[in-house]
2 protein chains.
Amino acid sequence: MRSESNLTHLMRHVLKNHRSHVDRLIRDYDVYPGQPPLLLRLSDTDGLSQRELADSKGVKPATLTVMLQRMEKTGLIRRAADEKDQRVTRVYLTEKGRGASEAVKQAMEEVEARCFEGFLPEEKLLLRRFLLQMKDNLTTWTPED
Amino acid sequence: MRSESNLTHLMRHVLKNHRSHVDRLIRDYDVYPGQPPLLLRLSDTDGLSQRELADSKGVKPATLTVMLQRMEKTGLIRRAADEKDQRVTRVYLTEKGRGASEAVKQAMEEVEARCFEGFLPEEKLLLRRFLLQMKDNLTTWTPED
DNA sequence: AAAAAAAAGTTAGCTAGCTAATTATAATAT
DNA sequence: ATATTATAATTAGCTAGCTAACTTTTTTTT
């Protein structure tokens with residue numbers, strides 16, 4: 001068996017395809033490929049700190065800084081210093097950003113629906129269980145083992 | 001339900017973790033994060049053209065060109081023009097590259113084993129079936145739909 | 001109160017991915 | 001035979017991700 005045909009390779013393929021579909025659907029909204037998750041997170045909870053956003057998205061603060069600079073430039077978000085703690089910068093959606101996040105939400109749902117077409121609810125549940133177990137297996141693995 | 005907690009988000013998380021484990025295990029081999037799949041592919045079939053490699057890995061030729069330039073510089077591969085067709089460049093593993101690909105293969109197997117610890121064979125089979133269906137759902141989706 | 005440590009962001013410099021445009025070679029059509 | 005078209009690879013310029021080093025502000029120690 002060729003190593004490229006393993007399960008994780010297949011997962012990578014699926015996710016790449018998934019992302020490109022989302023990208024296609026929001027092409028007209030000044031939203032770049034990595035931004036949808038950020039927009040959804042902000043649409044759920046506005047005014048998060050960059051630290052919270054980075055943790056939530058599983059991305060390094062340095063990465064986030066640059067992405068937010070771009071999103072500020074394209075007018076999707078604005079940033080303001082926290083009043084209590086001057087180290088903290090909080091991130092807010094603009095009106096444009098709110099519109100974009102709605103479009104993203106819709107696109108996401110559409111792609112998700114397509115992706116799981118023909119799945120029974122219990123199959124999706126099973127898939128979730130598999131993924132959670134994989135996640136757990138990998139996160140509890142420390143180099144000393 | 002928050003959109004970030006959907007299945008594809010979970011998959012992304014798992015894959016990121018997976019990759020970082022592989023990276024950690026091959027840290028001493030001059031192999032960068034995106035290169036393991038390439039090395040495995042070449043270890044299976046040496047002397048592929050860049051086009052074939054790109055298609056096999058699901059990456060654009062432009063992306064591959066730059067990766068191969070780096071791998072040539074670090075001595076993992078060498079490239080030579082095809083004799084029959086001067087447009088084609090074929091890629092070969094060097095001795096160093098062969099050693100690295102062995103390390104990658106071992107690391108991959110180790111991570112894969114950890115990742116699927118506690119899985120029954122039929123569960124892995126089921127997961128594969130799910131992923132293939134997802135892949136099919138997304139690849140047969142054309143914008144006109 | 002002053003010094004040390006910790007935390008939040010930023011910057012610089014790298015790899016990996018993309019698209020669009022370009023070059024060189026090969027295949028096809030006229 | 002020549003002109004056109006197609007294919008392989010590269011280059012340039014972008015976004016997204018990382019680490020390491022740095023600055024500023026807050027918190028902890030002493």
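Chain naming here is simple, since letters A, B, ... match the order of the sequence lines and numbering starts at 1 in each.
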[X] side-chain N/O to [Y] backbone N/O, donor-acceptor pair under 3.5 Å:
X	Y	answer
B:Q86	B:D82	yes
B:Q133	B:F130	no
B:S49	B:R90	no

So, taking the atom named CZ in A:R128 and the one named NZ in A:K124, what distance separates them when rounded to the nearest 0.5 Å?
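Here the interatomic distance stands at 9.0 Å.
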Spacing of B:L39 atom CG and B:L93 atom CG [to the nearest 0.5 Å]
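One gets 6.5 Å once the value is rounded to the nearest 0.5 Å.
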Looking at B:D23, B:L15, B:V22, B:N17, which one forms a side chain to side chain contact (heavy atoms under 4.5 Å, CB included) with B:R19?
B:D23
In this structure, how many angstroms lie between the [atom2] atom of [N] and the [atom1] atom of [X], rounded?
X	N	atom1	atom2	answer
A:Q86	C:dG9	CD	P	12 Å
B:D23	C:dC14	CG	P	19 Å
B:R51	C:dT25	CZ	P	19 Å
B:L15	D:dA16	CG	P	19 Å
A:H13	C:dG17	NE2	P	14 Å
B:D82	C:dA24	CG	C1'	15 Å
A:R27	C:dT19	CZ	C1'	12 Å
B:L68	D:dT10	CG	P	8 Å

With both distances kept under 3.5 Å, what pairs with D:dT30, Watson-Crick or G-U wobble?
C:dA1
[N] OP1/OP2 closer than 4.0 Å to side-chain N/O of [X]:
X	N	answer
A:Q50	C:dT10	yes
B:T63	C:dA16	no
B:R70	C:dA16	yes
B:K60	C:dA16	no
A:R79	C:dT10	yes

Between D:dT7 and B:R87, counting only base atoms on the nucleotide and side-chain atoms on the residue, is there a donor-acceptor pair under 3.5 Å?
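By the distance-only test, yes, there is a pair.
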Counting side-chain heavy atoms from CB outward, which of [options] is closest to [X]?
X	options	result
A:M67	D:dA16, C:dT15, D:dA9	D:dA16
A:R19	D:dG17, C:dG17, D:dT10	D:dG17
A:Q69	C:dA24, D:dA9, C:dT11	C:dT11
A:Y32	C:dT19, D:dA16, D:dA9	D:dA16
B:V59	C:dT19, C:dG17, D:dC18	C:dG17

Using heavy atoms to find the nearest nucleotide of DNA chain D for B:T89 and A:D85 separately, return the residue whose nucleotide is more 5′.
B:T89
With nearest nucleotides of DNA chain D determined for A:E83 and A:P33 from heavy-atom distances, which residue corresponds to the more 5′ nucleotide?
A:P33
Looking at every strand, decide which applies to B:P61 at a 4.0 Å heavy-atom threshold: base, sugar-phosphate, or nothing.
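Base contact.
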Does B:T65 reach a base, just sugar-phosphate, or nothing at all? Heavy atoms under 4.0 Å.
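Here B:T65 touches the bases of the nucleic acid.
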